[in-house]
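What follows is one structure encoded as structure tokens, with my remarks underneath.
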Amino acid sequence: MKTVQTKIYLLLFAFLFSIGVNAQLDRSMMPKPGPEPKISLKKPKEFKLKNGITVMVVENNKLPRVSYQLSIDNKPYVEGDKAGISDILSAMLGNGTTSISKDEFNEEIDFLGASVNFGSSGGFASCLVKYSDRIVELMADATINPLLTEEEFQKEKDKLLEGLKTEAKSLDAISRRVTSALAYGKDHVFGEFVTEKTINNITFQDVLDFYKLRYAPNNAYIVVVGDINEKTAKKQIKKYFGNWKKVEVPNIPLPKLPKDVSQTQINFVDLPNATQSNIAVTNIVDLKQSDPDYFAALMANNILGGGGEGYLFKNLREDKGYTYGAYSRLRASRYGVSRFNASAKVRNAVTDSAVVEFMKEIKRIKTEPVDSQTLADAKQKYVGNFVMALERPQTIANYALNIKRNNLPEDYYANYLENIRNVSVKDVQRVANKYFKADNARIVIVGKGADVLENLEKTGIPIKYYDKYASETKKPEFKVDLPEGVSVNSILNKYLEVTGVEANIDNTKSIMTKYEATTPMGSVIQEEKRVDGKTNQSTYMGGNKMMSMTMTKESSTANKQPLPENMSNDLKPYAGLFMERNLLNSDKVEFSGIEKVDGNDAYVINILGEVVSWTLFYDVKSGLKVKEIQTVSMQGRSQTQEAFLRDYKEYDGIKFPETRDATMMGQQVQFKLKEVKINEGVSETDFD
């Protein structure tokens, strides 16, 4: 009885307490924030080895783990006609040592449940404390005595070349390359870029020489974080890194500060297959973390485009619906050489309008005092991020390293929140006028000129034209005349004729094809089944079905889930026995020119779509389709899949390409035709 009464009393108390609390809450008012936390940062223990390595130890006993971060403090280096050498070195490091093979090295790290990674300016290792001595030994061995072989060099060089092919038509990759190159200059350390030519200039000896000059202890730091004390860490680092010899490091000049353009201009790169425009508004800034303006600059950038609450996002996405996101970035540089950059990907039809709105918001923050509540919200965001970051022990170590490398005062992070709090409305407007140069900005646009240039010219902003590698060029010509006697229909009909489709279409009720490729992830099979008005594509990995798409004239599904209506509409041409028959007399098809494919002329046909679009290439002489590009644009992002079609072979009177050299998840993959079935192996249930 007593237990029952106790439970009743507790329930009654909880009920009355909840009434009291609710009666006192005014839910129309936002709760007031609690007191701002006081920042007290524990200073890392520090010591220095004779060879120049500075070691910082942050002891944290919450978990029995420890990490080691090696940072080699090299000045930025112009790679010039051998651009890409640091990428190759990064990929080669951490793959064994002169005394341990690559496989043995990786197997031991896996066995210990650790991780060891390297880049061209350092490395990182993490493990359980009980294995830390061995991991430091392996890390030091891979740092001082890396296994750099010519075989590994060639492998990584080939990977880099394949990566360039994948990026060749990437809207994002082209925009990043051109924007940096134009802002800084192609010969500047922050503006140079990797090309096929610069990669092919690199020899194995170049990589060895680069390692010797750039991988040295002279100005290196090792930050140790975890369940370890200074004495133990010192013993480990001294034992394994102490014999790393100093080298004579060349005197590399500091990066120069480029000049901005004399007046705002549009720098346009024509990408005929683009379904969106990538816009970047950029200018050079001279800003260091130690500058008095730094904290005000953080606030100004956050208010303009730091996130979903920024001016740019609210205007271009929430108000206008031009894009899935519009943001800005303003970074400090220890060398005082950096950029302000505001960017978004927008629909072709609104490219000119988006440019106008970008400039309007940049001018707004320069001319209109920011609302005090907006500034207060921006401050709270930074306070929250800063406090949460302090929960990670690695943050304390990084802050200590930052103070060292950027010549910051010892109490810099202890006073961080106070410096944020002291930023005023006037400060925001002042730094916006200093760092956001609306009258001297480059507006770099990568997009389909045929769709966007006419309206961009109406903005009144001067336009200069560049190719995909930031070289100035002439305004592109968009009117393409078909050769005499040639039309889109004649190109499609010739393909249908030479492949045997036209002669056999009446007797063809279904088609099944199966292509197979070997990838690092295992065997991949792409199976396609077609009947009149319907197509099913299925992808298998390791014998398991990973994806299935069904396309019909009415709708399309992916893994039996309906696709959006606009995407389904774009996929209709693919639904049926042969895409080319569906494209005859279509108003979504246009001829865009003649390009080289494998050294031969090919007619280029674009299939226009809102979400999914294709570019098809037909050999001028043979009439065969030799290449196809599919572009999917969703949620502000574009993904392109490219395939070269080769070695056509006849099956029951119809020719199919035996080889498809394609890109798959960023990798180059070769698919081989394994099976073709005509009028068998397909049923209506395949399209359910």
Side-chain angles (χ1 to χ4, degrees), residues 170-180 182-183 190 264 266-267 274 276-285 287 294-333 338-348 350-366 368 370-371 374-375 377-386 388-389 420 423 428-429 431-438 441-447 633-639:
S170 166
L171 191 71
D172 293 332
I174 294 169
S175 180
R176 285 193 300 269
R177 178 172 62 235
V178 173
T179 303
S180 294
L182 291 179
F190 298 146
T264 293
I266 292 173
N267 298 158
Q276 293 179 302
S277 293
N278 196 316
I279 301 173
V281 182
T282 191
N283 61 255
I284 297 295
V285 298
L287 179 65
Y294 177 70
F295 293 96
L298 287 182
M299 295 302 99
N301 180 71
N302 183 72
I303 292 165
L304 175 64
E309 68 283 349
Y311 287 1
L312 295 174
F313 191 96
K314 286 183 176 179
N315 181 332
L316 277 84
R317 173 171 175 162
E318 293 187 2
D319 183 29
K320 303 295 190 306
Y322 291 164
T323 178
Y324 283 94
Y327 307 96
S328 65
R329 185 181 64 191
L330 178 64
R331 286 186 176 174
S333 162
S338 190
R339 282 193 296 128
F340 162 72
N341 197 77
S343 62
K345 279 189 286 193
V346 303
R347 305 191 313 275
N348 288 346
V350 298
T351 302
D352 56 311
S353 301
V355 168
V356 171
E357 296 305 320
F358 260 110
M359 301 312 292
K360 184 177 92 173
E361 295 301 341
I362 293 172
K363 289 177 181 176
R364 173 187 170 195
I365 198 169
K366 291 162 66 75
E368 294 181 13
V370 65
D371 179 75
T374 300
L375 176 57
D377 292 342
K379 290 178 180 180
Q380 284 301 118
K381 175 182 176 180
Y382 269 87
V383 169
N385 290 340
F386 184 83
M388 284 192 293
I420 290 287
V423 174
V428 170
Q429 191 169 355
V431 297
N433 277 281
K434 184 175 181 180
Y435 297 111
F436 307 156
K437 301 175 184 176
R442 290 183 184 271
I443 307 172
V444 182
I445 302 175
V446 182
S633 302
M634 294 183 68
Q635 298 182 350
R637 297 183 179 181
S638 293
Q639 184 174 359

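The residues of the chain are indexed from 1 along the displayed sequence.
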Residues that A342 engages under side chain to side chain contact (heavy atoms under 4.5 Å, CB included), provided they are two or more places apart: V281, L312, S328, F340, F358
Quick one: do Y435 and N283 satisfy side-chain contact (heavy atoms from CB on, under 4.5 Å)? Show the steps, please. CA-CA 8 Å; Y435 297 111; N283 61 255; 5.7 Å; no
Q429 side-chain N/O to K366 backbone N/O, donor-acceptor pair under 3.5 Å: yes
Counterpart residues, salt bridge (Lys or Arg N to Asp or Glu O under 4.0 Å), relative to K379 (two or more places apart): none
Taking salt bridge (Lys or Arg N to Asp or Glu O under 4.0 Å) as the definition, give me every residue that meets it alongside R364, ordered by chain and number, with sequence neighbours left out. E361, E368
Which residues pass the side-chain hydrogen bond (donor to acceptor under 3.5 Å, both in side chains) test with D371, sequence neighbours left out? none
Residue set satisfying salt bridge (Lys or Arg N to Asp or Glu O under 4.0 Å) with K314, at least two apart, ordered chain then number -> none
Distance-only donor-acceptor hits, side chain of residues 173-180, under 3.5 Å, sequence neighbours excluded:
| unit_1 | atom_1 | unit_2 | atom_2 | d |
| --- | --- | --- | --- | --- |
| S175 | OG | N278 | OD1 | 3.3 |
| R177 | NE | K468 | O | 2.9 |
| R177 | NH2 | K468 | O | 3.0 |
| T179 | OG1 | S175 | O | 2.7 |
| S180 | OG | R176 | O | 3.2 |
| S180 | OG | R339 | NH2 | 3.4 |

Return the CD1 to CZ distance between I284 and R442, rounded to the nearest 0.5 Å. 8.5 Å
In this structure, CG of N341 is separated from OG1 of T282 (nearest 0.5 Å) by 4.5 Å
Would a distance-only check, ignoring hydrogens and angles, find a side-chain to backbone donor-acceptor pair under 3.5 Å from R317 to Y324? yes
Could you check whether any side-chain N or O of K345 sits under 3.5 Å from a backbone N or O of T323, counting only pairs where one atom can act as donor and the other as acceptor? no
Under the rule for side chain to side chain contact (heavy atoms under 4.5 Å, CB included), what residues qualify as partners of Y382, not counting sequence neighbours? L298, M299, N302, Y416, I420
What one should report as the nearest heavy-atom pair of I362 and F436 is CG2-CB, 4.0 Å
T351 meets the side chain to side chain contact (heavy atoms under 4.5 Å, CB included) criterion, sequence neighbours left out, with S277, I279, V346, I445, V452, L456
Where do S338 and S333 come nearest, in terms of heavy atoms and distance? CB-CB, 4.0 Å
Under the rule for side-chain hydrogen bond (donor to acceptor under 3.5 Å, both in side chains), what residues qualify as partners of Y327, not counting sequence neighbours? none
Which salt bridge (Lys or Arg N to Asp or Glu O under 4.0 Å) pairs, counting each pair once, include a residue from residues 321-331, with sequence neighbours left out? none
Exercise: identify the closest heavy-atom pair between T264 and A438: OG1-O, 2.5 Å
Going through the distances and angles, do V370 and Y311 end up as a side-chain contact (heavy atoms from CB on, under 4.5 Å)? CA-CA 11 Å; V370 65; Y311 287 1; 3.5 Å; yes
Side chains of I443 and N267, heavy atoms from C-beta outward: is any pair under 4.5 Å? no
Tell me, please, which residues at least two apart from K381 pass salt bridge (Lys or Arg N to Asp or Glu O under 4.0 Å). E309
Among residues at least two apart in sequence or on other chains, which ones pass side chain to side chain contact (heavy atoms under 4.5 Å, CB included) with E357? N315, L316, K320, Y322, K360
